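Okay, structure first, notes after.
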Amino acid sequence: MTMAANLEQMAASDAHELSIMDGSGDSKITWTAGDEIAIENARRSFAYFQEQGYTAFRVDGPDGGIGEPMTEFDPSAEQVVFIPPMQAG
Amino acid sequence: MIDLANTTPDLTAFTDQVVIEASTATTATLNALEPHVFGDTNIVFTARYAPVTAATNTWTITTLGGATDGLTFFDTMNSGTVTITTSTTHFLPTTAATYNFTWGPTGSVATWTLDGTSRPLVAKEIGGFTIWVPRELTDEEKAEEAVRQAEYRRHMEEERLARKLADEKAEVLLRRFLNPKQRAELDEFGYFHVWARDGFKYRITRNYGHNVARVDPETDKLLKRFCVVPKVSIPSPDRLLAHKLLLESDVERFIKIANVADA
């Protein structure tokens with residue numbers, strides 16, 4: 001499936017996605033509006049990675065929208081990316 | 001003083017396990033193929049160790065007679081230096097590793113232990129140095145070593161495939177958050193540009209060190225270079241995406257974290 005098809009599928013299914021960067025590329029947690037169990041799982045994951053020093057960015061819309069830092073979980077966010085703690089190289 | 005710069009001991013037979021004892025107060029860097037001289041207090045050498053199969057494997061280095069003067073252990077995989085006591089055990093990574101050791105003229109290595117199995121060392125005179133290497137294995141030990149090596153090669157291949165998959169996955173994530181122009185730049189030049197809220201344009205390249213540059217928006221001349229790396233291991237495309245997100249949303253934080261260099 002192409003990336004565009006993936007995005008279309010996400011839009012069609014109203015899927016929201018939380019991507020956490022890790023050694024495997026990223027781990028994903030998804031939820032849809034109204035699925036309270038999945039939303040609660042995403043909310044807990046959000047809190048956990050925040051505690052670990054990760055930074056969340058909300059990126060809505062296709063084609064490289066500019067990410068906005070996100071300090072509280074918002075289930076309406078289309079896509080959330082967690083980046084790991086950073087340091088000088 | 002032994003001039004290692006003009007000495008090329010043939011250590012190729014010992015690239016997996018090499019221990020070198022300084023015979024004089026000399027500072028040198030010696031890896032398996034390319035020695036250098038850079039001072040006169042301690043000797044530094046690099047040992048390459050590969051055949052490990054699990055993160056729980058350990059490597060114990062023990063000094064002769066408890067001599068510890070100047071003996072330190074530098075783990076290039078974890079960027080940490082550990083002062084050797086009479087015996088220091090280190091957890092090995094599961095990937096191939098390079099270790100640098102430094103010790104003074106009174107320090108020397110007595111045993112080399114892996115997985116609790118001590119490997120007595122024998123001395124070889126090579127290039128003016130006493131090179132301590134594990135003794136010849138018995139047939140039984142060789143058979144065990146062959147099994148270990150086969151397992152290691154299998155493990156390394158699995159790791160290589162896992163890294164390839166991780167890179168591919170991270171590349172998909174990166175490209176999802178690039179606009180068409182940035183994707184085209186990345187494909188053609190190996191970098192893409194972002195505009196930060198400080199009004200500057202930044203170039204993010206696939207290079208590892210100082211891969212972010214502030215560029216003149218009119219001439220694209222490089223003005224400053226920045227190095228920011230993740231504290232945990234992530235594939236390279238993830239790192240580029242992290243830079244993009246930070247630069248576009250919080251460039252002040254990015255610059256505060258960064259190691260900054262002139263272009």
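Computed from a predicted model, the values in this text were never measured in an experiment. Residue numbers start from 1 in every chain, and the chains themselves are labelled A, B, ... in the order their sequence lines are given, proteins ahead of strands.
Annotation: B:Arg206, atom CZ; neighbour count of heavy atoms from other residues, nucleotides and ligands within 6.0 Å is above 12. Crowding of A:Lys28 atom NZ: a count of heavy atoms from other residues, nucleotides or ligands under 6.0 Å exceeding 12. The local environment of CD in B:Glu157 is crowded, with over 12 non-hydrogen atoms from other residues, nucleotides or ligands closer than 6.0 Å. Atom CG of B:Leu161 is surrounded by more than 12 heavy atoms from other residues, nucleotides or ligands within 6.0 Å.
Between the side chain of B:Asn259 and the backbone N or O of A:Ala88 there is no donor-acceptor pair closer than 3.5 Å. A donor-acceptor pair is defined here as one N or O able to donate and one able to accept, closer than 3.5 Å; no such pair exists between the side chain of B:Lys231 and the backbone of A:Pro84.
With a threshold of 4.5 angstrom between heavy atoms, B:Asp250 does not approach chain A through any atom at all. For a residue to count as touching a neighbouring chain, one of its non-hydrogen atoms must lie under 4.5 Å from one of that chain's; by this rule B:Leu173 touches chain A with the side chain only. Residue B:Ala162: no heavy atom, backbone or side chain, is found under 4.5 Å from chain A. Of the atoms belonging to A:Asp22, it is backbone heavy atoms, and not side-chain ones, that fall under 4.5 Å from chain B. Contacts between A:Ser19 and chain B at a heavy-atom distance below 4.5 Å involve the side chain alone, from C-beta outward.
Taking chain A as the reference chain and counting heavy-atom pairs below 4.5 Å, the highest number among B:Leu246, B:Leu174, B:Asp167 is found for B:Leu246. The greatest number of non-hydrogen atom pairs below 4.5 Å with chain A, out of B:Leu241, B:Asp238, B:Ile234, B:Val228, is found for B:Asp238.
Here the side chains of A:Glu68 and B:Ser249 are not in contact, with every heavy-atom distance at 4.5 Å or above. Looking at heavy atoms from C-beta onward, B:Val232 lies out of side-chain contact with A:Met21 at the 4.5 angstrom threshold. Here the side chains of B:Leu245 and A:Phe82 are not in contact, with every heavy-atom distance at 4.5 Å or above. No side-chain heavy atom of A:Phe57 sits less than 4.5 Å from a side-chain heavy atom of B:Glu248.
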(request) In sequence, state the C-alpha distance, the side-chain angles, and the governing distance for B:Arg176 and A:Glu78, and then conclude on salt bridge (charged side-chain N to carboxylate O under 4.0 Å, His left out). (result) CA-CA 13 Å; B:Arg176 182 194 295 178; A:Glu78 291 177 18; over 6 Å; no
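Remark: B:Cys227 SG to A:Met86 CE distance equals 9.5 Å, nearest 0.5 Å. We find the CD1-CZ distance between A:Ile66 and B:Arg197 to be 7.0 Å, quoted to the nearest 0.5 Å.
Pairing each heavy atom of B:Val229 with each of A:Gly89, the nearest pair is CG2-CA, 3.8 Å.
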